[in-house]
A.B. asks: 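The following block contains the structure, expressed as structure tokens.
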Amino acid sequence: MEVVVVPTKKDGSELVGGAIAELLTRNPEAVLGLATGSTPLGVYDDLVRRHNDDGLSFAQAKGFALDEYLGLPAGHPESYRAVIQREIADRVDFAAGSVHGPDGWAADIAAACTDYEEAIDAAGGIDLQILGVGTDGHIGFNEPISSLASLTRIKTLTEQTREDNARFFDDDLAQVPTHVLTQGVGTILRARHLVLLAWGENKAEAIQATVEGPVTSMVPSTALQLHPHATVVVDEAAASLLGDREHYKWTYANKPAWQGV
Ligand code: F6R
């Protein structure tokens, strides 16, 4: 695992935008794993800027969302399908039909989950997966005690996560769905590069556990420790509880330039 401590969210977003631009330049057909929530928004803004100013193209790339709410009307602005379209897909030049998400409106939810796994496989797997982290350590919507080998399936949100996400639903807990479809921890671990981002003090405990705690399904983000290429990009506040923070900073500042992130 590599931990990159950046001064600000903007620096981290640009760093990750740069890594994605480099991937797309090397492999224009790259498959991107797209997260929703607040954390990746700066990365999407950075990618849009690179698309507009530098001609970065997504025309041959594909995207797969991590998760989707169940129970929202189709087209609801906070459905993750709508969020992904609004925040990134519609702002760059992805080809029509090349950005996918789990189908939270399917009549057969179990089949929709299997189909999603198959679609990711058929695309050749995810090259770079962007991840946020919940205050309880969830990745995707894999809440505590999610199997670390799990695949795309239905999950129940914890009260904590629903409270955290109420800000997207007029601060009204009653409007926040209770169930979701999410890529499993095992699905996420199959991506070739995991890039987990966290900003702000309220993520500091989750980041400390992710990086320095024992691997446990109680904190699903600790599964990153099992991945051969995981990068954790955090601002100073999110890094504030890391015991070896200064060592991670020194390591990053002194790594060989050819390594990239
Ligand atoms: C979103 C997702 C979640 C969020 C997490 C953090 O697709 O899978 O794991 O990344 O809930 O959310 P924010 O970024 O809003 O703090």
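Counting starts at 1 for both ligands and their atoms, in listed order. Note that the structure is predicted; figures quoted are calculated from it, not measured.
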A.B. asks: Kindly state whether the ring of Tyr69 and the ring of Phe168 have centres lying under 6.0 angstrom apart.
C.D. replies: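 Between Tyr69 and Phe168, the centre distance exceeds or equals 6.0 Å.
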
A.B. asks: Under a 4.0 angstrom heavy-atom cut-off, which atoms of ligand 1 come close to Gly37?
C.D. replies: 14 (O), 15 (O)

A.B. asks: Run the numbers for me: atoms of ligand 1, each under 4.0 Å from some heavy atom of Ser38, listed by number.
C.D. replies: 13 (P), 14 (O), 15 (O)

A.B. asks: What protein heavy atom sits nearest atom 6 (C) of ligand 1, and how far off is it?
C.D. replies: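 Going atom by atom, the protein heavy atom closest to atom 6 (C) of ligand 1 ends up being Val133 O, 3.4 Å.
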
A.B. asks: Quiz question: by atom type and distance under 3.5 Å, do the side chains of Glu117 and Thr187 form a donor-acceptor pair?
C.D. replies: yes

A.B. asks: One residue to check: Leu66. Relative to ligand 1, which of side chain, backbone, both or neither has a non-hydrogen atom less than 4.0 Å away?
C.D. replies: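 Near ligand 1, Leu66 shows its side chain, while the N, CA, C and O stay back.
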
A.B. asks: Can Asp45 and Arg91 be counted as an ion pair, charged N to O under 4.0 angstrom?
C.D. replies: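 The answer is yes: the pair qualifies as a salt bridge.
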
A.B. asks: Please write down residue, atom name and distance for the protein heavy atom closest to atom 1 (C) of ligand 1.
C.D. replies: Thr36 OG1, 3.2 Å

A.B. asks: Going by atom types alone, do Asp11 and Thr8 pair a side-chain donor with an acceptor below 3.5 Å?
C.D. replies: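 Per modelled atom types, Asp11 and Thr8 side chains form a pair under 3.5 Å.
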
A.B. asks: Heavy-atom distances under 4.0 Å are what count here, so tell me which part of Glu143 touches ligand 1: side chain, backbone, both or neither.
C.D. replies: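 Under 4.0 Å from ligand 1, Glu143 contributes no heavy atoms.
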
A.B. asks: Residue-level breakdown please: for Asp67 versus ligand 1, do any non-hydrogen atoms fall below 4.0 Å on the side chain, on the backbone, on both, or on neither?
C.D. replies: side chain

A.B. asks: Answer yes or no: are there more than 12 heavy-atom neighbours, outside Lys9 itself, under 6.0 Å from its atom NZ?
C.D. replies: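 Incorrect, the count does not exceed 12.
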
A.B. asks: Give me the nearest non-hydrogen protein atom to atom 3 (C) of ligand 1 as residue plus atom name, then the distance to 0.1 Å.
C.D. replies: Gly140 O, 3.4 Å

A.B. asks: Give the residue, atom name and distance (to 0.1 Å) of the protein heavy atom nearest atom 11 (O) of ligand 1.
C.D. replies: His138 NE2, 2.6 Å

A.B. asks: Please report which non-hydrogen protein atom sits nearest to atom 16 (O) of ligand 1, along with the residue it belongs to and the distance in Å to one decimal place.
C.D. replies: Lys203 NZ, 2.7 Å

A.B. asks: Hey, are Arg86 and Asp90 close enough for a salt bridge, meaning a charged N less than 4.0 Å from a carboxylate O?
C.D. replies: no

A.B. asks: Which residue and non-hydrogen atom of the protein lie closest to atom 14 (O) of ligand 1, and at what distance in Å?
C.D. replies: Thr39 OG1, 2.4 Å

A.B. asks: Do Leu24 and Val99 sit in the same hydrophobic cluster, where Ile, Leu, Val, Met, Phe, Trp and Tyr count as joined when their side-chain heavy atoms come under 4.5 Å apart?
C.D. replies: yes

A.B. asks: Could you list which atoms of ligand 1 come closer than 4.0 Å to a heavy atom of Gly132?
C.D. replies: 10 (O)

A.B. asks: Using modelled atom types and a 3.5 Å cut-off, is there a donor and acceptor pairing between side-chain atoms of Glu68 and backbone atoms of Arg81?
C.D. replies: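 Flag set: sc Glu68 to bb Arg81 pair under 3.5 Å.
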
